[in-house]
Participant: 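The structure follows.
Here the structure is a predicted model, which means the values were calculated and not measured. Note on naming: letters A, B, ... go to the chains in the order of the sequence lines (proteins, then strands), and numbering restarts at 1 for each one.
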Amino acid sequence: MIEPHWQAYWRDHATYEVDNDDPRPRSYVLSMYPYPSGAAHMGHVRNYTFGDLLTRYRTMRGDAVLSPMGFDSFGLPAENAAIRTGRHPREFTEERIEELRSSITRIGGVYDWRRTVRSHDPDYIRWTQWLFLRMLEAGLVYRRDATVNWCPGCQTVLANEQVVDGVCDRSGDPVERRDLEQWYFRITDYAQQLLDDLDDVDWPERVITQQRNWIGRSEGAEFEMEVVDADGVPVTRDGEPVAFRVFTTRPDTSYGMTFCVLAPEHPLVDVVTTDDRRADVEAFVTRARGTSEIDRLSTERNLAERGCATGAYARNPFTGRPVPIHLADYVLASYGTGAVMAVPGEDQRDWEFATVFGLPIVETVQRPQGWDGEAYAGDGGHVNSPGALGAAPGAPDLNGMDVVTAKAAAVDWLASSGSGERRVNYRLRDWLLSRQRFWGCPIPVVYCDACGIVAVPDDQLPVLAPDDVEFTPTGQSPLRSHDGFLNTTCPDCGGPARRETDTMDTFVDSSWYYLRFCDPWSTDRPFSLDAVRAWMPVDQYIGGAEHAVLHLMYARFFTKALSDLGLVPAALREPFQHLFTQGMIRLDGVKMSKSKGNLVAPEQIIDTLGADALRLAHLQVKPPEDDVDWEDVGLEGCAKFLHRVWRLAVPGGPVVTSVRAGEPTPVDVAVERARHRLVEDISVTFDRWAYNVSVARYMAFVNELYRYVQSDEGPHRATLDDAVDTLLQLLSPACPHISAELWWRRSEARDDASARGAHIHETPWPVADPSMLVEETVTLIVQVNGKVRDRIEVHAGADEADCVAAAQASEKVRVHLGVDPPRKVIARPPKLVNFVV
RNA sequence: GCCCGGGUGGCGGAAUGGCAGACGCGGCGGACUCAAAAUCCGCUGUCCGAAAGGGCGUGUGGGUUCAAGUCCCACCCCGGGCACCA
């Protein structure tokens, strides 16, 4: 078999290993490092084919291409397997890594394996922990008690990003809410930068939109509301006035606020509730807190059950009048201030709530003519601002202003009166990073009764989990049950202390692996500044779009944070310059995946048809970004095509039986032109990731060469040799093995001994001669009234007069022209003439 | 509901406003063969026609243009994302 031979060749010759001081222009091509689940599946094949093609193409173009590969080797599947089988997850994982590595190699993927990383290696753990501690020192990591998402299936908490429609994105279990103290990354500090810098990356619009939505910036105002009784007398507690703040995006409608709403978890609920309402409020709060995320998100539920009056009032600062305080489960404690003003006139949900609870509705924006809706959210002149509900002393007159103007005036007044200010909120929440699982990177802190939370000193890293741990999930970290691990001494005071037993979300590991690839040999830092400067940012990142708000957001956050900490260059603000998200593979309409059990094994196809055919079929089947139905993948056609190439190109092959010497004839020149055309087309289609078109061009060219070879005249030796050589070079990024083999055999068969033993992947990418791209003759399209009536071969230099004359000379055209002279003649020499009659 | 994509032969899909359907699959025919496979060559949108040739044709309806799959407007369908975030 030729494929193992060349795979060994690339390995033994270090063809795709690059050093950090390589003088060539640098290029960093990276495919998302995989979770090692065993042998590669079709999704891997598709993914790595694109990346490998790019690595080989750019190498031939003269770049030093950094093309590393590693393994995202922490995670739940290995731990669950360990629970089932009793084997240690490390054993299990390392076996699967080797399986995956070998099958990636069998696909023909070439990587600088010296640089490989595995998340679970002690060396990698050490640096993950080291980075965690730097972020802890910088205040970017903190611990807090909050209501969190708990997945009962995975027996761990989840980040917000891992909850989709109220269920765990991994196991599909409905997520529960629990109040727990957990570790967080302060990703919200970077919300604005994460939003702004999306302008600086070349990513699919879909992914950018998802990130924008996820960050969810909204502009508005925040202001204080004083708690009062029904008569407007301030309520006090311990002699202090009681107040809370509300966030709104529509401060301009404040005069229309007829009530306000607190989240059930709001800290003032107990304080403000009047005695006659207390029983109802407590029942409501208990029920709301017990409602699962998925039910709370459901819009099907009866609105009357979703809210509750507290009996308390708060003063609307604009009118100076008290408005009732309600509770509603749709007001989220974790967003804004956990309290909102309600303006039923201009907000549909408030309108519905007011209707159900019998609260007044005041319109503060003039409805357009013919408006028959309920709440009106559009623009218009303000009314009732102030109006029926009155005005507090000094409150602004917004009447007649449009929405934008009135917003500004309202905010200005809030600011000048000291009760509020302009405010921007984000939907993005801090990243919950701790997990109650075993197979992850331990969080390197200890709890000391005397000193509190203490970081493990750098020289004691890595903190590694012991091997003899009971994995069975209990809802607590497995490490907690291991006394030897749990009990330690405080690094500060030397007294007794307990270790943190939670581990990190595996997305922490993947948030910096691309930096380690730049400098995997570094022993005193996770990576040196110089090495990162040499390679980052990643020029081309390749992976699945399912990571749009997970890995891709977290990695961006890490890059910015590390940049601010001086651990990567200050100018490095974005890790991935270009992102390509390839489509998934379906079988019988459902995603092909191990968990669905509907895999087609790539290994089997490689055994029978070869890796090159498999790669070519993946390139051919569809545009790379599209989802693929496996049924559409034309393996046989691609295998057949490669056989055609083989028979044409192999020395002594059956297709070329005689060749002609001497001067090239016009037929030979046409083939030579086609060769240059192919160079141009393949380069262009590669550059725009239109690989399915590239494959069509290969096939069309080979068809043309077959016709050439079998023509009566026969092929001209030098022309044919050049054509085939160029074809092999252009094909070599896509089908590296067969191209290398044929190139080598052809070099061996040459008279010139110095050409022998040649390696195609070390040859420079062919360049088209622009003069050869201009055809000598072109097909002139002759239209009458826009309909094609004839096609005439004309000289490429034909001018308008030549073209019109040639067109008019055509019998087919004359039939349609009639006797009258054409009303108008449109000429685009030498390609088109259109007669309008 | 809002925001993106996208609707082209039997199928996957090509096509800087200028020959619609490249290339592949499938199908049909021919060559080679005792035969089959493999291989090679050709045909293959649709309707009318014996043919030459012509009509129609890129989700639907309008528009711009000498010329529209491509640009504009409205609508229909499919896919994806967001959706009590105040």
Participant: Would you please confirm or rule out a distance under 4.0 Å between OP1 or OP2 of G18(B) and any side-chain N or O of R791(A)?
Facilitator: no

Participant: Distance between the C1' atoms of A15(B) and U70(B), in whole angstroms?
Facilitator: 9 Å

Participant: Rounded to the nearest angstrom, tell me the gap between atom CG in L616(A) and atom P in C23(B).
Facilitator: 16 Å

Participant: What I want to find out is whether D627(A) reaches R586(A) closely enough, with some N-O distance under 4.0 Å, to be called a salt bridge.
Facilitator: yes

Participant: Give me the distance, rounded to whole Å, that separates G45(B) from G9(B) when you measure between the P atoms they each carry.
Facilitator: 13 Å

Participant: With respect to the side chain of Y335(A), which nucleotide from C23(B), A20(B), C85(B) is positioned closest?
Facilitator: C85(B)

Participant: Just to be sure I understand the rule, does R206(A) reach a base, reach only the sugar-phosphate, or reach nothing, if contact means heavy atoms closer than 4.0 Å?
Facilitator: sugar-phosphate

Participant: Using a heavy-atom cut-off of 4.0 Å across all strands, would you classify R823(A) as base, sugar-phosphate, or nothing?
Facilitator: nothing

Participant: Just N and O in the side chain of R349(A): are any of them under 4.0 Å from OP1 or OP2 of C85(B)?
Facilitator: yes

Participant: Whether R427(A) engages the ring of Y335(A) as a cation-pi pair (distance to the six-membered ring centre under 6.0 angstrom, angle to the ring normal within 45°) should be assessed.
Facilitator: no

Participant: Does H643(A) reach the main-chain N or O of A639(A) with its side chain, forming a donor-acceptor pair under 3.5 Å?
Facilitator: yes

Participant: Considering only the P atoms, how many Å lie between C41(B) and C23(B), rounded to the nearest integer?
Facilitator: 13 Å

Participant: For the C1' atoms, the ones on U33(B) and on A22(B), what distance do you get once it is rounded to whole angstrom?
Facilitator: 34 Å

Participant: Can you measure R789(A) atom CZ to G55(B) atom C1' for me and round it to whole angstrom units?
Facilitator: 10 Å

Participant: W214(A) CH2 to C3(B) C1': how many Å, rounded?
Facilitator: 17 Å

Participant: Write down the distance between CZ (F353(A)) and P (A86(B)), rounded to a whole number of angstrom.
Facilitator: 18 Å

Participant: Ignoring hydrogens and angles, tell me if any N or O in the side chain of R814(A) forms a donor-acceptor pair with the backbone of A807(A) under 3.5 Å.
Facilitator: no

Participant: Checking the side chain of T726(A) only, and the main-chain atoms of A723(A) only, is there a donor and an acceptor separated by less than 3.5 Å?
Facilitator: no

Participant: Got a donor-acceptor pair under 3.5 Å from the side chain of R429(A) to the base of C85(B)?
Facilitator: yes

Participant: Are any of the side-chain heavy atoms of M341(A) and T253(A) separated by less than 4.5 Å?
Facilitator: yes

Participant: Give a yes/no answer on whether the side chain of T249(A) brings an N or O atom under 4.0 Å of OP1 or OP2 in C85(B).
Facilitator: no

Participant: C82(B) base to N213(A) side chain: any donor-acceptor pair below 3.5 Å?
Facilitator: no

Participant: Pick the P atom in C25(B) and in G81(B), then give their distance to the nearest Å.
Facilitator: 34 Å

Participant: Does OP1 or OP2 of A38(B) have a side-chain N or O of R647(A) closer than 4.0 Å?
Facilitator: no

Participant: In whole Å, what separates the C1' atom of G18(B) from that of U65(B)?
Facilitator: 12 Å

Participant: When the C1' atoms of G59(B) and C77(B) are considered, how many whole Å apart are they?
Facilitator: 7 Å

Participant: Counting only side-chain nitrogens and oxygens, does K640(A) get under 4.0 Å of the OP1 or OP2 atom of C25(B)?
Facilitator: yes

Participant: Considering only side-chain heavy atoms of R427(A), which listed nucleotide, C82(B), A14(B), G81(B), is closest?
Facilitator: C82(B)

Participant: Look at the side-chain N and O atoms of Y330(A) and state whether any lies under 4.0 Å from the OP1 or OP2 oxygen of C85(B).
Facilitator: no

Participant: Check this one for me: any side-chain N or O of K787(A) less than 4.0 Å away from OP1 or OP2 of C56(B)?
Facilitator: yes

Participant: Please answer whether the main-chain N or O of A690(A) pairs with a side-chain N or O of S694(A) as donor and acceptor at a distance below 3.5 Å.
Facilitator: yes

Participant: Going by distance alone, is a donor N or O of one side chain under 3.5 Å from an acceptor N or O of the other, for Q783(A) and R789(A)?
Facilitator: no

Participant: Considering just the side-chain nitrogens and oxygens of K622(A), establish if one lies under 4.0 Å of OP1 or OP2 belonging to G12(B).
Facilitator: no

Participant: Which label fits Y691(A) and F686(A): parallel for a plane angle under 30°, tilted from 30 to 60°, or perpendicular past 60°?
Facilitator: perpendicular

Participant: Could you check how far CD of Q348(A) sits from C1' of A83(B), rounded to whole Å?
Facilitator: 15 Å

Participant: Could you check how far NE2 of H618(A) sits from P of G13(B), rounded to whole Å?
Facilitator: 15 Å

Participant: Expected output is a numbered-order residue list: members of residues 697-710 of chain A with a heavy atom under 4.0 Å from any atom of RNA chain B. What is it?
Facilitator: M699(A), A700(A), N703(A), Y706(A), R707(A), Q710(A)

Participant: Any donor-acceptor pair, under 3.5 Å, between the side chain of Q783(A) and the base of G18(B), if you only look at N and O atoms?
Facilitator: yes

Participant: Just how far, in rounded Å, is P of G6(B) from CD of E625(A)?
Facilitator: 10 Å

Participant: Counting the atoms with a prime plus P, OP1 and OP2 as sugar-phosphate, which does G216(A) contact under 4.0 Å by heavy atoms, base, sugar-phosphate, or nothing?
Facilitator: nothing

Participant: Side chain of D252(A), backbone of V404(A): donor and acceptor closer than 3.5 Å?
Facilitator: no

Participant: Base, sugar-phosphate or nothing for S218(A)? Non-hydrogen atoms, less than 4.0 Å.
Facilitator: sugar-phosphate

Participant: Between R644(A) and G786(A), which is nearer to the 5' end of RNA chain B once each is assigned its nearest nucleotide?
Facilitator: R644(A)

Participant: OP1 or OP2 of C66(B) less than 4.0 angstrom from a side-chain nitrogen or oxygen of K824(A), does that happen here?
Facilitator: yes

Participant: Please give, in whole Å, the distance from C11(B) C1' to E636(A) CD?
Facilitator: 15 Å

Participant: Checking all strands, does P654(A) fall into the base, sugar-phosphate, or nothing category for heavy-atom contacts under 4.0 angstrom?
Facilitator: nothing

Participant: Is E205(A) touching bases, backbone alone, or none of the nucleic acid, heavy atoms closer than 4.0 Å?
Facilitator: nothing

Participant: OP1 or OP2 of A14(B) less than 4.0 angstrom from a side-chain nitrogen or oxygen of N692(A), does that happen here?
Facilitator: yes

Participant: If the P atom of C11(B) is compared with that of U16(B), how far apart are they to the nearest Å?
Facilitator: 23 Å

Participant: Which nucleotide in the list A15(B), G24(B), A20(B) gets nearest to the side chain of V693(A)?
Facilitator: A15(B)

Participant: With syn defined as a glycosidic angle within 90° of 0 and anti as the rest, where does G9(B) land?
Facilitator: syn

Participant: CZ/R245(A) to OG/S419(A) distance, rounded to the nearest 0.5 angstrom?
Facilitator: 8.0 Å

Participant: Phosphate oxygens OP1/OP2 of A15(B): is one of them under 4.0 Å from a side-chain N or O of R688(A)?
Facilitator: yes

